[in-house]
Novice: 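The structure's right below; bear with me while I get my questions together.
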Amino acid sequence: MPELPEVETVRAGLAPALTNAVVTAVDVLDARSFKRHPGGVEDFKATIIGSKILAVVRRGKFLWMPLELPANRSGDYKLAMVGHLGMSGQMLLRTPGFADDKLTRVIIQARTADGQIVEMRFVDQRLFGSLAIDELVPTKDGMPGGYSNGIGETATGQSAWWLNLIPASAAHITRDPLDVNFDEKAVLTRFKTKNSGIKRVLLDQQTLSGIGNIYADESLWRSQLHYDQPAASLSTAKAKELLEHVREILAKAVTEGGTSFDEQYKNVNGESGYFAVSLNAYGMTGMPCKRCGTEIKRENWMNRGSHFCPKCQKLKI
DNA sequence: CAATAACCCTGGGTGC
DNA sequence: TGCACCCAGGGTTATT
């Protein structure tokens, strides 16, 4: 499941090829990938073909590409293509004619800054992912919308027009823990208002973003917290420790290129990530806990699985 | 407003 | 070989 490290790996892979590339064609193999685009397939094509991609930006699990529209229809529009990988989305970079990738839903062809033609193939088995064009709006805190290479400065040192903007459809997503403008105080305060279990809160993208089932389980294992421990019951010190572990785990996973647990996550070259070898809880059902040797348990929780050590992650009332 | 439930969606893998 | 069934869950929307 693509979470922050996987999405960042994709972003970092796309950015060098697509920054300043101009979209030349869009091939839609499955219109359902556009269910988040209100205007439908034709409107998407009409807007993006001929537009220049100015950057590839990420906040949490959301990706977007600010667009420079052709001169004849620029107007006042500040638009971006927004992509979400959902459960099983991939964005592969291929050259035209490269062997077909199974389950490709959309192919966006572009001419790169140095004149090469590339294809961004959007592959998505479960169709929870999506592509859309959306309006960019100012961020709530006035800081950059998300992470991108070169922090959006032009050659003259001025900020790019899109820097402090975010797609309207992602504006409610809070900053992720690797964002330089991550507001830890606000997150700690919010924890104190939440009676839900800490895992539910970690997965709430409106509290902090980028964490999914894998990194939630890993962070809780590391912090020796039970998934149902009420968030408000954590001391500030414990909550800070948890956030520190979240940051360390996410950062390490980014350097490993993310976690490939099955065929559903690949980088832009179709390669798997290496973080799976570092997992201590997720997917380790029946294996000995690396801290105490007790068998890792998996419990059904919120329509998914929760992996934890029953000995070192006890619920404390 | 907070918490929870329902819903969307498919193909790879498994067991018979 | 075929087929029914199970499984992975992120994010939005509806409901309590």
Side-chain angles (χ1 to χ4, degrees), chain A residues 1-8 10 29-38 58-64 82-91 100-106 122-132 134 166-176 186-187 189-220 227-233 250 258-266 270 272-273 275-276 279 281-286 298-308:
Chain A
M1 334 43 276
E3 304 175 29
L4 186 154
E6 293 74 35
V7 180
E8 174 54 25
V10 171
L29 305 171
D30 195 323
R32 290 175 293 179
S33 291
F34 293 100
K35 65 183 137 194
R36 300 267 166 218
H37 183 71
R58 180 193 56 76
R59 176 188 289 205
K61 306 172 195 172
F62 280 80
L63 281 178
W64 65 92
V82 186
H84 198 289
L85 301 177
M87 286 291 300
S88 55
Q90 302 174 21
M91 292 185 181
D100 288 352
D101 292 289
K102 256 193 229 177
L103 305 173
T104 299
R105 310 296 188 183
V106 181
F122 185 66
V123 173
D124 186 14
Q125 186 213 115
R126 284 166 232 172
L127 291 169
F128 280 16
S130 62
L131 299 178
D134 195 16
I166 188 168
S169 56
H172 62 292
I173 300 295
T174 51
R175 294 184 181 280
D176 61 68
V187 174
T189 303
R190 202 166 149 97
F191 276 11
K192 283 291 177 193
T193 72
K194 295 279 187 183
N195 293 312
S196 306
I198 183 63
K199 180 167 174 180
R200 192 188 272 275
V201 175
L202 283 179
L203 294 176
D204 175 9
Q205 309 295 302
Q206 298 184 59
T207 297
L208 72 173
S209 68
I211 303 173
N213 209 32
I214 296 176
Y215 298 104
D217 282 0
E218 290 303 305
S219 302
L220 293 172
Y227 59 83
D228 251 346
Q229 188 70 40
S233 75
L250 292 176
T259 304
S260 293
F261 207 74
D262 52 23
E263 290 304 303
Q264 300 311 332
Y265 166 67
K266 303 281 183 177
S272 297
F275 191 74
L279 294 175
Y282 184 86
M284 302 298 281
T285 314
R298 178 189 185 281
E299 283 182 2
N300 289 326
W301 174 86
M302 271 182 64
N303 234 359
R304 60 197 69 181
S306 243
H307 311 75
F308 67 108

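Lettering follows sequence order; numbering is per chain, from 1. None of the values given here were measured: they were computed from a predicted structure. What's counted below: heavy atoms across the whole structure, side chains too, no hydrogens, waters or symmetry copies.
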Novice: Quick one: on DNA chain B, does A:R105 or A:K194 contact a more 5' nucleotide (nearest heavy atom)?
Specialist: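 Closest to the 5' end, via its nearest nucleotide, is A:K194.
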
Novice: To the nearest Å, give me how far apart CZ (A:R200) and C1' (B:dA3) are.
Specialist: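 Atom CZ in A:R200 sits about 7 Å away from atom C1' in B:dA3.
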
Novice: Using heavy-atom distances to pick each residue's nearest nucleotide on DNA chain B, tell me which of A:R190 and A:L103 is more 5'.
Specialist: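 Whichever sits nearer the 5' end wins; that is A:R190.
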
Novice: Rounded to whole angstrom units, what separation is found between the CZ atom of A:R304 and the C1' atom of C:dG10?
Specialist: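 Nearest whole value for this atom pair: 7 Å.
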
Novice: Please give, in whole Å, the distance from C:dG11 C1' to A:R126 CZ?
Specialist: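 My rounded result for the distance is 15 Å.
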
Novice: Indicate whether OP1 or OP2 belonging to C:dG11 is found under 4.0 Å from a side-chain N or O atom of A:H84.
Specialist: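 Result: yes.
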
Novice: Regarding A:D124, tell me which of base, sugar-phosphate or nothing describes its non-hydrogen contacts under 4.0 Å with the strands shown.
Specialist: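 Nothing, no nucleic acid heavy atom in range.
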
Novice: Specify the separation, in whole Å, of atom CG of A:D30 and atom P of B:dC8.
Specialist: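 Spelled out: CG on A:D30 to P on B:dC8 is 17 Å.
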
Novice: Provide, to the nearest angstrom, the distance between the CH2 atom belonging to A:W301 and the P atom belonging to B:dT4.
Specialist: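 In whole Å, B:dT4 P lies 10 Å from A:W301 CH2.
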
Novice: Any base atoms under 4.0 Å from A:G305, or only sugar-phosphate, or nothing? Heavy atoms, all strands.
Specialist: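 Sugar-phosphate contact only.
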
Novice: Taking only N and O in the side chain of A:S88, is any of them less than 4.0 Å away from OP1 or OP2 of C:dA8?
Specialist: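 No, outside the criterion.
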
Novice: Which residue, A:H172 or A:M87, contacts DNA chain C at a nucleotide closer to its 5' end, judged by nearest heavy atom?
Specialist: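 Nearer the 5' end of the strand: A:M87.
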
Novice: Quick one: A:Q125 CD to C:dA8 P, roughly how many Å, whole number?
Specialist: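 Those two atoms, CD and P, are 13 Å apart.
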
Novice: Given atom CZ of A:F62 and atom P of C:dG11, what is their separation to the nearest angstrom?
Specialist: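 Atom CZ in A:F62 sits about 6 Å away from atom P in C:dG11.
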
Novice: Hey, does A:N213 reach any base, or is it just sugar-phosphate, or nothing, if we go heavy atoms under 4.0 Å?
Specialist: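 Since only primed, P, OP1 and OP2 atoms lie under 4.0 Å of A:N213, the category is sugar-phosphate.
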
Novice: Given side chains that start at C-beta, do those of A:T207 and A:K194 come closer than 4.5 Å, heavy atoms only?
Specialist: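 A:T207 vs A:K194: side chains touch.
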
Novice: Quick one: are the ring centres of A:Y215 and A:F275 less than 6.0 Å apart?
Specialist: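 That pair passes the under 6.0 Å test.
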
Novice: How long is the line joining CG of A:N303 and P of B:dT4, in whole Å?
Specialist: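 Atom-to-atom, A:N303 to B:dT4, this comes out as 15 Å.
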
Novice: Please determine which of A:E3, A:E218, A:K199 meets the side chain to side chain donor-acceptor pair (under 3.5 Å) test together with A:N213.
Specialist: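 Of the listed options, the one satisfying the test is A:K199.
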
Novice: Taking only the side-chain heavy atoms of A:S196 (C-beta and beyond), determine which of C:dT12, B:dG12, B:dT4 contains the nearest atom.
Specialist: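 For the A:S196 side chain, the nearest candidate turns out to be B:dT4.
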
Novice: With DNA chain C as reference, determine whether A:I173 or A:Y282 sits nearer its 5' end, using the nearest nucleotide of each.
Specialist: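 Nearer the 5' end of the strand: A:Y282.
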
Novice: Are A:F128 and the base of C:dG9 stacked, counting only ring centres nearer than 5.5 Å and planes tilted under 30°?
Specialist: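 Stacking between A:F128 and C:dG9: present.
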
Novice: Quickly, which of A:H37, A:R105, A:M91, A:H84 forms a side-chain contact (heavy atoms from CB on, under 4.5 Å) with A:L131? Name it, please.
Specialist: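 Only one of A:H37, A:R105, A:M91, A:H84 forms a side-chain contact (heavy atoms from CB on, under 4.5 Å) with A:L131, namely A:M91.
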
Novice: Please determine whether a side-chain nitrogen or oxygen atom of A:K35 lies at a distance below 4.0 Å from atom OP1 or OP2 of B:dC8.
Specialist: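 Checking B:dC8 against A:K35, no side-chain N or O comes under 4.0 Å of OP1 or OP2.
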
Novice: Check this for me: does any side-chain nitrogen of one of A:K61 and A:D176 sit under 4.0 Å from a carboxylate oxygen of the other?
Specialist: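 No, A:K61 and A:D176 are not salt-bridged.
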
